[in-house]
Each structure stands twice: as C-alpha cells, then as structure tokens.
Amino acid sequence: MTTTFEPATMPAVKRQQLAHLTAQMDALKQGGTYFKLRVLDDEQGPVCSYDGRRVINLSSNNYLGLCEHPKLKEAAIAATQKYGAGSGAVRTIAGTMRIHMELEEKIAAFKNVEACVVFQSGFTANAGTVSSILGKEDFILSDELNHASIIDGARLSRAKIKVFRHKDVAHAEELLREIENEPGRKLIITDGVFSMDGDIGPVDKLADLAEKYGAIMMVDDAHASGVLGRNGRGSVDHFGAHGRVDVQVGTLSKAIGSLGGYVCGSRDLIDYLYHRARPFLFSTSHPPSVAASCIAAFDILENEPERIERLWSNTAYFKQQLADAGFDVGGVTTPKSETPITPIIIGDGRRTMDYSKALFEAGVMATGIAFPTVPEGRARVRTIMTSEHTREQIDQALEIFVSVAKKTGILS
Ligand SMILES: *Cc1c(COP(=O)(O)O)cnc(C)c1O
C-alpha cells in the first residue's frame, strides 16, 4: 500500500513569516523581470522542446554537444551497472572510488599539471578553494565581473577583497602596490572567459603581475574548458601560460557535458584541498556515472577536435550575421565578446524579458538576463552557440531574431 500526501496549504499566520519574500517577488513582477523556470522536455540539443514548444536552443552551455553524446551515455550506464547509482560517502570517509581517481589523473594529464582534484561542481570548486587557501590577514584581487562562486569563496575566506575594474591590469597593479608592504598573501583571480559578456580575461598579463608582486595566480575556466586552447585545454593553454598559473579551476558541467568542477595545480595544492576544502570534506562525491561520462568526454576532446572547430566557425558566422543585422552584440557599453557567448544588448530589463519571450514564441530559446546578474541598464538576451547547430538552424534563428526585433522596435 502506498501513502499519498496531499499538498499542504500554508495557514495565513505561517505565510506571514515569509511575507518579505512575497513582497520581493511582487516587485519583480512589477518590474517585468519575474520568470518561471522553463522545463526541458527532451535532451539538451541544438533543437529541443521546452514547455512543449520546439525551439532552436541558444541558451545551453552544451558547447560541444557532449550532453547527448552516445559515448558519454554508454559510459554512464556501464559505470552504473558496475559500480552502482551512488558513491555512498564523502571522498575523505569512504566515497573515493577508483573511477574518481582515474578522472583526476586524466584531467591532470590533459591539463599538463602535477595534480587535480574534482569537486561536485564548478561552484564548489571555486568557493571551496578560495575560502580554504587564504585567511583573514590575506588579500584577494578580483575582477569586478568575476563569477558569484569566486565572490562567495572570497567572502568565506574572510580575506580583504580588492576589486579591480574589468580586465584593467593597470588598476589591479595600482591596488597591489597599495598593499605591497602588508604581510598577508595576495591572490589575483580572474575568469578565463566571462560568462555574461563572452570576453577573455587577461590571464597572461595578470600572471606577469603575480610574478612581479609575488602573488598567487588563479583562473576560473568554467566557460573556457573545452572551448579555448588546444583541444579545449583552457585559457592557460590559449595564452601559452603553462606553469604560470598556480590554481586552475575548470568545470565538467558545461562543454564537458556532465557535472562537476576541478582544480589543477601542484601536488601540494591538491593534497591541501583534499584535507581542507570544505565541500570536498563535507559533501558526497559524484555517482560513478558522472565520473565515467567525464572520462569519456576527455577522450572525445582528444579524438574529435572537429567539434571545437565547428563551434568556432559557427560562432564566427553567427556573430557576424547578428552585427550585420544591426544588433548591439557588445563592445559599445559592454565588453566585446571573443567567444561562443554572444550577448544581444537591449538595456532595459523589461524590454529584454519581453523580447526573449517573443523569441521563444517564435521558436528561439535565448534567455533574457537582467539586473542583478548583469549591471542595471545592460540587460541582454544571451546566446551561446554550439558545434551541433547546423547552418540551416543558425539561419533560421537569425531570421527570427530580426523579424521579432523589428516587430518589437528593437531594430528599426
Ligand atoms: C558556470 C560557472 C561556474 C560554476 O560551474 P558549475 O559546474 O555549473 O557549478 C563557475 N564559474 C563560472 C565563470 C561559471 O560560468
């Protein structure tokens, strides 16, 4: 016999306890930036169905189509059959499986570093690393557009945070000079690719600074993993900066097509994180299926470089066509994209959300992003190209972008 539970209705007096949240949601509705989660009905493909509507999908981080690659699926299924559905413990207690070690060794070899540790996500990799390698007396120099997980890690570390203007290496140096004689350690940190604007962080120049001032250099390569560098080795490879970045973070959740985050660096760094990074110590490791699909993904990066070539040629074509049609694709009031992330800058939050909704109705999934994810007045529809979009699909999407923009007054 199964027990069924009726969904409970909150009594009014309990509802009152969270009235401040309701008020904030009401304010979002007023401002036109309230959203409902769109629900994917099938695989995360170049064309797929959300909420029962077939759309050309320009919103996923599935850069190389690995989410639905048969080899990743097969690896996940085989690992589940052999090792079970879950790992059953945190890594430091009893939850380190051979397949977890295999993945870490595979990534370390791929990235050409001494060692690697895999976390549950890119978010926990960043937050867990920044918070554990620094303390109260230390300093963090952070790009103003760095990802939320870096900001949270910086706050958790209780180090003093100095924010430099976006990609402004001279400003970073100015801030470093101010604290040159302070006893604390200094960490310089940048995204390899910035997720909202698609521009590339000045990893090489910041590494120069780190060397000049004896600072630790760290890069978050979430959107560069599988996208930049030889076979998708990331921004350090892109800049030829091997051996100059102490801490390299990457994600397994975007181009790699599965889930997780990793940190690459010296053997001592990785050993230290095994002992001190709180998400590693206090949260259960990946199911074997996840580790297995990631291992399969790195084999594909090595063996199917044509995916990355297609990603970049699709990107170049799409960007050019959008710019030719008269869209603001960044570079005027916002940074200029250099990667498969192409924002269409609209400015006003409500207009952006309305445009995104109209695009969806017309057959294109391109998510609107407004404050506080991006600065006020710089709301945009963000697109991400993949290797799996056909030229036909891209052309069809472009047609929809233009016709909906003309209808809504975004283009004249
Ligand atoms: C997505 C992202 C992360 C988080 O990675 P997950 O694996 O999704 O947790 C971290 N940093 C940046 C810059 C990102 O874009």
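Numbering starts at 1 and runs along the sequence shown. Counting convention: from 1, in listed order, for ligands and their atoms alike.
T408 places no side-chain N or O within 3.5 Å of a backbone atom of Y355 that could act as its donor or acceptor partner.
Protein residues lining ligand 1, listed by chain and number: S121, G122, F123, N126, H147, S149, D191, S195, D220, A222, H223, T251, S253, K254, G260 [non-hydrogen atoms, distance under 4.0 Å].
With sequence neighbours left out, R158 forms a salt bridge (Lys or Arg N to Asp or Glu O under 4.0 Å) with no residue at all. For Y262, there are no ring pair (Phe, Tyr, Trp, His ring centres under 6.0 Å) partners two or more places apart in sequence or in a different chain. Residues passing the ring pair (Phe, Tyr, Trp, His ring centres under 6.0 Å) test with F110 are F298, sequence neighbours excluded.
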Inset, instruction - Please lay out, stage by stage, how T251 and S225 fare under the test side-chain hydrogen bond (donor to acceptor under 3.5 Å, both in side chains). - result: CA-CA 7 Å; T251 184; S225 310; over 6 Å; no

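For the residue pair P343 and R380, the shortest heavy atom distance occurs at CB-CG, 3.8 Å.
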